[in-house]
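These notes concern the structure reproduced below.
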Amino acid sequence: MGLRRFIAEAERLLRSAGVQEPLVQVNRDPGFGEVSSTAAFQLAKSLGRSPKLIAEEIAARIDVSKSDLISAVEAINGYVNFKANWMEYSRVILEEILSSGERYGSSGAGTGKRIIIEHTSVNPNKPLHVGHARNVCIGDTLARLYRFLGYDVLVLNYIDDSGTQMADVILGFMELGYSLDPPAEMRFDEYCGDVVYVESVRRAESDPSLAEKRRQITREIESGSGKAFELNSMIVRRVLMDQLKTCWRLGARYDLLNMESDILAYGLWDEVFEKLRAAGAVYFADSGPKAGCWLLDLSGHPVLSKEGDEVLIKSDGTTTYIARDIAYAAWKLGASSKDFSYEVFGENPDGSRIYATSMSGGARIPISGAVKVINVIDVRQRRPQEIVRYALGLLGLDATKYVHYGYEVVALSRKDAERLGYSPEPSQKVVHMSGRRGLYIKVDQLLNMLRERAMKEVRERHPDWSDDMIFETGEKIAVAALRYALIRQDIDKLIVIDTDEIMRLEGATGPYLQYTYARALRILEKAGSEFSTAPPSEPGEHEKTLLRKMAYLPILLDEFHSSMLIKPIADYAYELASEFNIFYENVPVLRAEHGERAFRLAIVKSFVTVFSIVLDLLGIPRLDFM
RNA sequence: GGGCCCGUAGCUCAGCAUGGAUAGAGCAUCGGCCUUCUAAGCCGGGGGUCGGGGGUUCAAGUCCCCCCGGGCCCGCCA
């Protein structure tokens, strides 16, 4: 391991010089060497002497003559800096990359362990909007990363097929005369969400008789039989299939679709409720405003206790959403004696099967032994998710395994909201999307806009390309642009979608990454097979910078393993691409002399290896030509 | 009222978890570079009280406290 070996060697040298805590860090500014130790600052305190002198003493005691990677140790201002023997270090870096190939950077830390990731979970009554896309892209990227680390990753998509939002759509079909066939050129999910749902909500707001009909429909859906139930099942299936098309377009894949109606029917809740009672975690309210309800006792929670206990069973005997979520969460942790049976729902683009819960299906997919259960849900659900987590603890389960991966929502810029026909208040800087009001930008709509824009660029550059090739390239550029835009932002920051900004194809964007990849391929394509990991002479600065960046991937993935943050991976992808472009512009490869040429070709080949891995982890489609 | 999150260049944001050497990108702007591996690129210029104030420390954008501004959450909805 290149960088890891370098760090280990620096630590070994420091220990040999009598430093017990080496405190080695990778330098941001390599002018101070590859790595540095701040041990002298720490020692200065206990020894009562100047860090500068201590560092000099440490450096003087280190003998680098036996080290093959480290060429010099220097003490500057209290730091002990380690410089690389680049003749050897560059060879080690390149050989590690080329011998590891597509596994480079994976520690295999997850081998034999299962992680459950649930994402998307969009109500099956409407098309996905850009806010949902953030969820999908975050969840899918997490799944890709954990899979790369060796985990057995199971991707779940929770389908709430029985709430009021479904009744709204059914009301439209049963009472407002909407045909089940969408107008030409309109997908079924768009028809349900853009037309039927919005209109139905609007009408029910002003017409109490419609609101009453909707309540009847809700009850009938939940009863498990009848016309509304049958209609609902069919609509859920059709909308879900369309939603999945959008998700697949974004590059996501799924293993299990868990239907809320089945979760209810399987009776997970009854078992969990008994356990909560046995644990003394719930109680029945005899009087007060919550009389007749069963409540979760939150008095032991440091923060939630201030807001009162949580209703789990309403006075009419039905469960609240949070009760069902607690039962479902317990199931994910493998704490339920019950398990679903599944039937094949469809197939992911990669050929793997997607299963859906089913009362009659024959497939059994046991959920057990997950070391972590990740739930990608926006920050507005932070409180309810914390309640779920707390309840898991009360059930005696290991709640630390249950992770609410919260992310901030996506909102519209004033300009885009106005384009959609909304008039923002003067004080409104951003406008939140709303499915009920039809105020949103659909994922497919945005991807289509991006594709048109990209196709125009492709056509200008490649007038000889076929229409199919232009279309396919445009599509991949569109996906790259959107995925990267949604992932490079930190999860706790609101994204204000500005379609003009997102249409940009230059700078720190997905298309920039794709372009860099295609450029690198051209060099390899024109080269022969001769390459050498041994530099003929001390590598130049541009070569070193690129090598350093490539050497960092294993450390980066270790950091992901503990931080779970995907943004640093997105940043790394841009930095790596940027370093390659600088190398590309400044360092000739094909035109170089024999030894240089072979060494630089090894660098380019290694870059393509590393960059392919990173693009795949982010779900950025690779393009051989652009 | 209680809780959580955000505040760094004109704009969008990194850096904060594990404090370390002159605070980094992208966009925008100004100026360069295509007979040479794809210019969706590269090079350079200008642009900063890191929201404000205290504190801890050899060292604070990073840790602690207070304040200010903005967002979100607190339903017998989901």
Side-chain angles (χ1 to χ4, degrees), chain A residues 23 25 27-29 31-32 36 38 40-42 44-45 50-52 76-79 81 123 160 162-165 260 285 289-295 302-304 306-308 310-322 324-325 378-384 386 406 408-409 411 429-430 432 454 457-458 460-462 477 488-490 492-496 498 501 504-509 511-516 518-527 559 562-563 565 567-568 570-571 574-575 577-578 581-592 600 604 625-626:
Chain A
L23 300 173
Q25 59 187 28
N27 275 329
R28 233 185 45 238
D29 180 357
F32 296 116
S36 292
T38 54
F41 293 102
Q42 295 299 319
K45 206 174 300 174
S50 115
K52 192 168 180 293
I76 303 172
N77 295 328
Y79 294 88
N81 301 332
N123 290 336
D160 187 353
S162 51
T164 316
Q165 78 284 348
E260 162 141 302
K290 306 277 169 86
C293 298
W294 280 90
L295 295 130
V303 176
L304 297 173
K306 294 178 189 169
E307 294 176 6
E310 187 73 17
V311 175
L312 295 184
I313 302 179
K314 299 182 247 179
S315 56
D316 66 2
T318 61
T319 54
T320 60
Y321 151 80
I322 216 156
R324 300 196 286 274
D325 219 26
D378 77 57
V379 286
R380 292 173 300 186
Q381 298 230 37
R382 198 162 268 168
R383 188 189 120 86
E386 177 55 23
E408 263 290 355
V409 296
K429 292 196 189 97
V430 301
H432 285 282
E457 299 283 335
V458 175
E460 279 172 14
R461 287 170 174 79
H462 305 282
I477 291 171
R488 66 181 283 250
Q489 189 91 282
D490 205 77
D492 53 17
K493 233 158 219 168
L494 181 80
I495 294 181
V496 180
D498 182 326
E501 169 70 14
R504 205 167 47 78
L505 306 174
E506 302 151 6
T509 64
Y512 172 91
L513 305 179
Q514 292 174 309
Y515 177 73
T516 306
R519 264 183 142 185
L521 283 194
R522 291 293 76 70
I523 295 181
L524 293 184
E525 183 184 75
K526 289 171 183 156
E559 284 173 358
S562 59
S563 74
L565 298 175
K567 185 197 162 43
D571 289 339
Y574 173 74
E575 290 160 11
S578 178
N581 279 317
I582 293 168
F583 168 86
Y584 182 96
E585 297 278 350
N586 293 286
V587 183
V589 177
L590 297 175
R591 285 174 284 113
R600 289 171 186 171
V604 176
F625 298 91
M626 190 169 159

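Because only heavy atoms are used, hydrogens play no part in the values below, and waters and symmetry mates are left out as well, while side chains stay in. So that the names make sense, note that chain A is the first sequence line, chain B the second, and so on, each numbered from 1.
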- request: Run the salt-bridge test on Glu386(A) and Arg383(A) with the 4.0 Å N-O cut-off and return the result as yes or no.
  value: no
query: What distance, rounded to whole Å, do you find between the two P atoms, one in G10(B) and one in C4(B)?
result: 32 Å
task: Measure from the side chain of Arg324(A), starting at C-beta and using heavy atoms only, and say which of C76(B), A78(B), C37(B) lies closest.
output: A78(B)
query: Of all the choices, U18(B), U38(B), C73(B), which nucleotide is nearest to the side chain of Arg380(A) once you look at every atom?
result: C73(B)
P atoms of G7(B) and A17(B), separation to the nearest Å: 14 Å
field: d(CD1, Ile523(A); P, U38(B)) in whole Å
entry: 7 Å
message: Can you tell me whether the base of C73(B) sits syn or anti, using the 90° cut around 0 to define syn?
response: anti
query: CG of Asn27(A) versus P of G15(B): gap in Å, rounded?
result: 19 Å
- request: Between C58(B), A21(B), G2(B), spot the one nearest the side chain of Arg28(A), thanks.
  value: A21(B)
query: Taking the side chain of Glu307(A) as heavy atoms from C-beta outward, which of A78(B), C74(B), G26(B) is closest to it?
result: C74(B)
P atoms of A25(B) and C6(B), separation to the nearest Å: 24 Å
- request: Among the candidates C5(B), U38(B), U22(B), find the nucleotide nearest to the side-chain atoms of Arg382(A).
  value: C5(B)
- line: In whole angstroms, the gap separating C1' of A17(B) from CG of Asp492(A) amounts to 12 Å
field: Short side-chain N/O contact from Lys314(A) to OP1 or OP2 of G75(B), under 4.0 Å
entry: no
query: Within the modelled atom types, does a donor on one side and an acceptor on the other bring the side chain of Ser315(A) and the base of C76(B) under 3.5 Å apart?
result: yes
- request: Quick one: look up who G1(B) pairs with, Watson-Crick or G-U, both distances under 3.5 Å, and put none if it's unpaired.
  value: C74(B)
query: Can you check the Asn581(A) CG to C37(B) P distance for me, whole Å?
result: 15 Å
query: So, Glu310(A) and Lys290(A), do they make that salt bridge, N to O below 4.0 Å?
result: no
4.5 Å side-chain heavy-atom contact, Lys493(A) and Glu408(A): no
field: Whole-Å distance separating the CG atom of Asn586(A) from the P atom of C34(B)
entry: 14 Å
message: Rounded to whole Å, please give me the gap between OH in Tyr512(A) and P in U12(B).
response: 23 Å
- prompt: Are any of the side-chain heavy atoms of Ser578(A) and Glu575(A) separated by less than 4.5 Å?
  reply: no
- prompt: Between A14(B) atom P and Asp490(A) atom CG, what is the distance in whole Å?
  reply: 5 Å
- line: U62(B) -> Watson-Crick or G-U wobble partner, both distances under 3.5 Å, gives none
Residue pair Leu312(A) / Ile322(A), side-chain heavy-atom distance below 4.5 Å: yes
message: Is the phosphate of A40(B) approached by Tyr515(A) (side-chain N or O, under 4.0 Å from OP1 or OP2)?
response: yes
message: Partner lookup for C11(B), please. Criteria are Watson-Crick or G-U wobble with both distances under 3.5 angstrom; report none if nothing qualifies.
response: G26(B)
message: Strictly below 4.0 Å: does Lys493(A) bring a side-chain N or O up to OP1 or OP2 of C6(B)?
response: no
query: Is Arg380(A) salt-bridged to Asp378(A), cutoff N-O under 4.0 Å?
result: yes
- prompt: Donor-acceptor pair under 3.5 Å: do we get one between Asn77(A)'s side chain and the base of A59(B)?
  reply: no
- request: Taking only the side-chain nitrogens and oxygens of His432(A), find out if one of them lies under 4.0 Å from OP1 or OP2 of C72(B).
  value: yes
message: For Asp316(A) and Ser563(A), find the nucleotide of RNA chain B closest to each by heavy atoms; which residue's nucleotide sits nearer the 5' end?
response: Ser563(A)
message: Expressed as a whole number of angstroms, how long is the span from Glu585(A):CD to G44(B):P?
response: 12 Å
query: If you take atom types as modelled and just measure distance, does the side chain of Arg461(A) reach the base of A40(B) with a donor-acceptor pair under 3.5 Å?
result: yes
Nearest-angstrom distance, C1' atom, A40(B) to A59(B): 43 Å
message: When both hydrogen-bonding distances must be under 3.5 Å and the geometry is Watson-Crick or G-U wobble, what is U36(B) paired with, if anything?
response: none
task: Classify the side chain of Thr320(A) versus the base of A78(B) as yes if they form a donor-acceptor pair under 3.5 Å and no if they do not.
output: no
task: Decide, yes or no, whether a salt bridge links Glu457(A) with Arg461(A) under the criterion of side-chain N to carboxylate O below 4.0 Å.
output: yes
- prompt: Is the shortest side-chain N/O distance from Lys526(A) to OP1 or OP2 of C37(B) below 4.0 Å?
  reply: no
message: Please tell me if Lys567(A) has a side-chain N or O lying less than 4.0 Å from either OP1 or OP2 of C13(B).
response: no
5'-most by nearest nucleotide on RNA chain B - Ala291(A) or Tyr574(A): Tyr574(A)
statement: Of the candidates G3(B), C13(B), C76(B), the side chain of Gln489(A) sits closest to C13(B)
query: Backbone N or O of Glu559(A) within a donor-acceptor pair of the Ser563(A) side chain at under 3.5 Å?
result: yes
message: By a 5.5 angstrom centroid cut-off and a 30 degree plane limit, is there stacking between Phe32(A) and A21(B)?
response: yes
task: Would you indicate what Arg383(A) reaches in the nucleic acid, counting non-hydrogen atoms under 4.0 angstrom: base, sugar-phosphate, or nothing?
output: sugar-phosphate
